[in-house]
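In what follows, a single structure is set out as structure tokens and then discussed.
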Amino acid sequence: MQILLALIFGAVYGGVLHFLMPGRASRGAVLAPMLGAVVAGLIYVVLTWAGLTADNAWLWVAALGAPIVVVPIVLIVLTRTRATHDANERLRLKIS
């Protein structure tokens, strides 16, 4: 049940980053919140399977810290990749 806290944190953090980071017009509104929730949930599940309990502070540091690191990096990479692809398509199609 405590995994919901990690999922909610990841989704909220991703949603906030979607609106704060540039290039939001080139990505969907659901991408960043889903990415944050998936990363937080995945880390939580992996660490609980590894034997950490919800009482362990390292579980929460990792589960809540992973989206803080991963989501901005992925959004930057995706935004740059999309911009590059769009520019190449404009050149290919001879659109100004």
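On a predicted model such as this, the values are computed, not experimentally measured, just so you know.
Proximity of Phe9 to Ile68: side-chain heavy atoms (C-beta onward) are separated by under 4.5 Å at one or more points. Between Thr84 and Thr81 there is no side-chain heavy-atom pair separated by less than 4.5 Å.
A distance of 11.0 Å separates CD1 in Ile3 from CD1 in Ile8, rounded to the nearest 0.5 Å. Once rounded to the nearest 0.5 Å, the distance linking CD of Gln2 with CG of Leu59 reads 9.0 Å. For the atom pair CZ (Arg90) and CD1 (Ile95), the distance works out to 8.0 Å, reported to the nearest 0.5 Å. In this structure, Arg27 CZ and Leu78 CG are separated by 8.5 Å, a value rounded to the nearest 0.5 Å. With rounding to the nearest 0.5 angstrom, the CG atom of Leu64 is 11.0 Å from the CD1 atom of Ile43.
Between Val39 and Pro67, the shortest heavy-atom distance links the atoms CG1-N, 3.8 Å.
Within the structure, the side-chain hydrogen bond (donor to acceptor under 3.5 Å, both in side chains) test picks out no pair touching residues 44-57 (sequence neighbours left out).
Every residue two or more places apart in sequence or in another chain that forms a salt bridge (Lys or Arg N to Asp or Glu O under 4.0 Å) with Arg82 is listed here: Asp86.
Residue-environment remark: CE (Met34) stays at or below the threshold of 12 foreign heavy atoms within 6.0 Å.
No donor-acceptor pair under 3.5 Å is formed between the side chain of Arg24 and the backbone N or O of Leu17.
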